[in-house]
Colleague: 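Questions regarding the structure given below will be posed in turn.
Counting from 1, the numbers follow the sequence of the chain as shown.
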Amino acid sequence: MKKFLFRLFFFSACLGVLLFGLNIFQSKYNLDPPHYALHYQELYQIETKSNAIIIGASHAVHGIRPSILQTENFQFYNFALNGAGPQFYLKWYEDLFSKQYPKPQVCFYAVDWFMFNEDWLWRDFESDSEYFSSDLFMNCLLSKELNRTALLQNRLAFLKYRKQLLSALRFKTENLAFPVKAYDRGFIPFTTAFKAKNFVYEEDVDLLLSSTAEKKALLLLVEKMQAAGIQIIFVMPPEYQLAAKIYQSAPALFLDSLAKELAIPYLNFNTSLRKDMINNEITNFSDWGHLNAEGSLKFSKALRKEWIKLGKEIAF
């Protein structure tokens, strides 16, 4: 019996050491997009001390350059994340941002006509537990609202990146789709091989799932930020030659009505502020929805002009 227990202890100890080492190894060698970790680094270390922020999904991550938007009075940081919808940002704001980061004066919320579709905007708050502080992680584990299994799986690198073990053993860390050398306060370019089919959107927008929970989360998030004295501005980044009816779909009209109801300025670069030199030029895009590096420069400059015009009309 003693030999059995000793062997069991020895095996458990060896397994523990192996998993511990593997966890450290894969936390360093993985292909996770680099801007995910940098997003949370800014939240905890507050390196830029920005008083204006950008949130939204991938169209904002790869389309809005904070260094171009900044003015004498406003320093921007792009806190948008790929696949992040209103339910993600509500938790992000309540449990992390409002407790950790200095309150900004302005928030650009980059909205999308598909932002209530949970199939497209896949990011859960639990997805980022790897980057949480110990205190936040423990609080999340104790929460009845969150998925504890997902929290643990995404906290441990050897579980989160288990499918990347072979690339890790080759010491690969660079994700070529997101060149970190071009990182700009949360913005990062999206680079991909040209495929003509990626520039055509053929689905019926009215058949996309539209989550009531996502709509409620957006309303609650905006109301909380406005109550805190943060000026909310909706921005819809330009897309490549989509049919006009898409911007008359139910989700798009919901955003229009919400902006009017809550007195939110809305800079829509696919309708009232559409610019042919951006929207109609395929060389500005990586696909129908994502601006490439060149397109993001053009759009950020156009957004800055509209932002300055708007600043003369509203009180900050």
Colleague: As an exercise, state the distance from CG of Leu255 to CG of Leu218, rounded to the nearest 0.5 Å.
Modeller: 6.5 Å

Colleague: May I have the step-by-step check of side-chain contact (heavy atoms from CB on, under 4.5 Å) for Leu81 and His39, ending in yes or no?
Modeller: CA-CA 8 Å; Leu81 281 170; His39 172 113; 3.5 Å; yes

Colleague: Do Phe137 and Phe132 have ring centres separated by under 6.0 Å?
Modeller: no

Colleague: Ignoring hydrogens, what is the shortest heavy-atom contact between Ser249 and Ile246? Give both atom names and the distance.
Modeller: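 Scanning both residues completely, I find the closest heavy atoms to be OG-O, 2.7 Å.
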
Colleague: So, Thr71 side chain and Phe74 main chain: donor-acceptor pair closer than 3.5 Å or not?
Modeller: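 Side chain of Thr71 to backbone of Phe74, a donor-acceptor pair under 3.5 Å: yes, one is there.
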
Colleague: Under the side-chain contact (heavy atoms from CB on, under 4.5 Å) criterion, do Ser286 and Phe194 qualify, and how do the steps go?
Modeller: CA-CA 7 Å; Ser286 295; Phe194 177 87; over 6 Å; no

Colleague: Taking the side chain from Lys103 and the backbone from Ile230, do they hold a donor-acceptor pair closer than 3.5 Å?
Modeller: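 Looks like no, no N/O pair under 3.5 Å.
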
Colleague: Quick check: closest heavy atoms across His290 and Ser58, and the distance to 0.1 Å?
Modeller: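 Minimum heavy-atom contact is NE2-OG, 2.7 Å.
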
Colleague: Is it the case that the side chains of Thr271 and Asn268 hold a donor-acceptor pair, with the cut-off being a distance below 3.5 Å and no angle test?
Modeller: yes

Colleague: Kindly compute the distance separating CD (Gln226) from CG (Leu221), expressed to the nearest 0.5 Å.
Modeller: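 Answer rounded to 0.5 Å: 10.0 Å.
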
Colleague: Using a 3.5 Å distance criterion without hydrogens, assess whether the side chain of Glu118 forms a donor-acceptor pair with backbone atoms of Ser211.
Modeller: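 It does not hold such a pair.
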
Colleague: Under 4.0 Å between a Lys/Arg side-chain N and an Asp/Glu carboxylate O for Asp287 and Lys195?
Modeller: no

Colleague: side-chain contact (heavy atoms from CB on, under 4.5 Å) between Glu214 and Met115: does it pass, once the steps are laid out?
Modeller: CA-CA 8 Å; Glu214 292 286 8; Met115 67 187 296; over 6 Å; no

Colleague: Taking the side chain from Gln105 and the backbone from Gly229, do they hold a donor-acceptor pair closer than 3.5 Å?
Modeller: no

Colleague: After noting the C-alpha distance and the side-chain angles of Tyr183 and His35, does the key distance pass the ring pair (Phe, Tyr, Trp, His ring centres under 6.0 Å) rule?
Modeller: CA-CA 8 Å; Tyr183 185 78; His35 56 291; 7.4 Å; no

Colleague: Let's go through Leu141 and Met138 carefully: what are the C-alpha distance in whole Å and the side-chain angles of both, what is the deciding distance for side-chain contact (heavy atoms from CB on, under 4.5 Å) to 0.1 Å, and is it a yes or a no?
Modeller: CA-CA 5 Å; Leu141 279 180; Met138 290 306 300; 4.1 Å; yes

Colleague: Rounded at 0.5 Å granularity, tell me how far CG in Leu219 sits from CD in Glu223.
Modeller: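 Atom-to-atom, Leu219:CG and Glu223:CD are 4.0 Å apart.
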
Colleague: What closest approach, in Å, do Ile278 and Pro238 show between heavy atoms, and which atom pair accounts for it?
Modeller: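 That would be CG2-CG, 3.7 Å.
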
Colleague: Do Pro33 and Ile188 have side chains that approach each other closer than 4.5 Å (heavy atoms only, starting at C-beta)?
Modeller: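 The answer is no; the side chains never approach within 4.5 Å.
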
Colleague: Is it the case that Gln75 and Asn51 place a side-chain donor and acceptor less than 3.5 Å from each other?
Modeller: no

Colleague: How far apart are the closest heavy atoms of Lys298 and Met277, and which atoms are they?
Modeller: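 Heavy atoms only, the tightest pair is NZ-O, 4.3 Å.
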
Colleague: In the hydrophobic clustering that connects Ile, Leu, Val, Met, Phe, Trp and Tyr at side-chain heavy-atom distances below 4.5 Å, which members other than Leu253 occupy its cluster, ordered by chain and number?
Modeller: none

Colleague: Treat each ILVMFWY residue as a node, draw an edge where side-chain heavy atoms are under 4.5 Å apart, and state whether Ile282 and Val200 are in one component.
Modeller: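 As far as the 4.5 Å side-chain criterion goes, Val200 and Ile282 are not connected within one cluster.
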
Colleague: Taking the side chain as everything from C-beta on, heavy atoms only, tell me whether Val235 gets closer than 4.5 Å to Val111.
Modeller: no

Colleague: Test salt bridge (Lys or Arg N to Asp or Glu O under 4.0 Å) on Asp128 and Arg123; report intermediate values, then the result.
Modeller: CA-CA 9 Å; Asp128 293 345; Arg123 197 178 207 96; 2.8 Å; yes

Colleague: Kindly state each residue pair satisfying side-chain hydrogen bond (donor to acceptor under 3.5 Å, both in side chains) with at least one member in residues 61-70, sequence neighbours excluded.
Modeller: His62-Asn82, Arg65-Ser296, Ser67-Asp184, Gln70-Arg185

Colleague: Restricting to non-hydrogen atoms, name the atom on Asn78 and the atom on Ala60 that form the minimum distance, rounded to 0.1 Å.
Modeller: ND2-O, 3.0 Å

Colleague: Nearest 0.5 Å, please: how far is CZ in Arg155 from CG in Leu152?
Modeller: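 Going from CG on Leu152 over to CZ on Arg155, the span is 9.5 Å.
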
Colleague: For residues Phe234 and Val222, determine if any side-chain heavy atom of one lies less than 4.5 Å from a side-chain heavy atom of the other.
Modeller: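 When only atoms from C-beta onward are counted, Val222 and Phe234 do touch, with a gap below 4.5 Å.
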
Colleague: Would you say the side chain of Phe187 lies within less than 4.5 Å of the side chain of Val61, judging by non-hydrogen atoms?
Modeller: no

Colleague: Treating Asn198 as the side-chain partner and Trp288 as the backbone partner, does any N or O pair qualify as donor plus acceptor under 3.5 Å?
Modeller: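 No.
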
Colleague: I'd like to know whether CD of Gln45 has more than 12 heavy-atom contacts from other residues, nucleotides or ligands below 6.0 angstrom.
Modeller: yes

Colleague: How close do Ile233 and Val106 get, counting heavy atoms only, and between which atoms?
Modeller: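 Minimum heavy-atom separation between Ile233 and Val106: CD1-CG1, 4.1 Å.
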
Colleague: Would the Phe269 and Phe299 ring centres measure less than 6.0 Å apart?
Modeller: yes

Colleague: Within the 4.5 Å heavy-atom criterion, are Asn270 and Asn279 side-chain neighbours or not?
Modeller: yes

Colleague: Treating Ile, Leu, Val, Met, Phe, Trp and Tyr as nodes and any side-chain heavy-atom pair under 4.5 angstrom as an edge, say whether Leu297 and Val180 lie in one connected cluster.
Modeller: no

Colleague: Between Phe285 and Phe190, is the gap from one ring center to the other below 6.0 Å?
Modeller: no

Colleague: Return yes if a side-chain donor-acceptor contact under 3.5 Å exists between Asn292 and Asn284, otherwise no.
Modeller: no

Colleague: With a 3.5 Å cut-off and no angle check, do the side chains of Glu42 and Thr48 form a donor-acceptor pair?
Modeller: yes

Colleague: Determine the sole option in Phe114, Tyr240, Trp113 for which the ring pair (Phe, Tyr, Trp, His ring centres under 6.0 Å) test with Tyr201 is passed.
Modeller: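 Passing option: Trp113.
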
Colleague: How about Glu306 and Lys309: do any of their side-chain heavy atoms sit closer than 4.5 Å?
Modeller: yes

Colleague: Got a second to check how far Glu294's CD is from Thr283's OG1, nearest 0.5 Å?
Modeller: 5.0 Å

Colleague: Are any non-hydrogen side-chain atoms of Glu203 and Leu208 less than 4.5 angstrom apart?
Modeller: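 They are in side-chain contact.
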
Colleague: Please confirm whether the backbone N or O of Met236 pairs with a side-chain atom of Asp112, one donor and one acceptor, at under 3.5 Å?
Modeller: no

Colleague: Within the side chain of Asn154, is there an N or O that forms a donor-acceptor pair under 3.5 Å with the backbone of Ser129?
Modeller: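 No, Asn154 side chain to Ser129 backbone: no donor-acceptor pair under 3.5 Å.
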
Colleague: Would you say the rings of Phe108 and Phe76 are close, in the sense that their centroids are separated by under 6.0 Å?
Modeller: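 Distance test on ring centres: under 6.0 Å, yes.
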
Colleague: So does Asn147 get a backbone contact from the side chain of Glu126, meaning a donor-acceptor N/O pair under 3.5 Å?
Modeller: yes

Colleague: Do Phe97 and Phe79 have ring centres separated by under 6.0 Å?
Modeller: yes

Colleague: If Ile, Leu, Val, Met, Phe, Trp and Tyr residues are connected whenever their side-chain heavy atoms lie under 4.5 Å apart, and connections chain through other members, are Leu273 and Ile68 in the same group?
Modeller: no

Colleague: For Leu136, is there any backbone N or O sitting under 3.5 Å from a side-chain donor or acceptor partner on Ser133?
Modeller: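 Looks like yes, one N/O pair under 3.5 Å.
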
Colleague: Taking Tyr247 for the side chain and Ala252 for the main chain, is one N or O donor matched with an acceptor at less than 3.5 Å?
Modeller: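 Here the side-chain-to-backbone pair does not exist.
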
Colleague: For residues Lys91 and Leu146, determine if any side-chain heavy atom of one lies less than 4.5 Å from a side-chain heavy atom of the other.
Modeller: yes

Colleague: Between atom CG of Leu121 and atom CG of Leu209, what is the distance when rounded to the nearest 0.5 Å?
Modeller: 11.5 Å

Colleague: For Phe116 and Phe254, I'd like to know if the aromatic rings sit close, meaning centre-to-centre distance below 6.0 Å.
Modeller: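 Between Phe254 and Phe116, which both carry aromatic rings, the centre distance is below 6.0 Å.
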
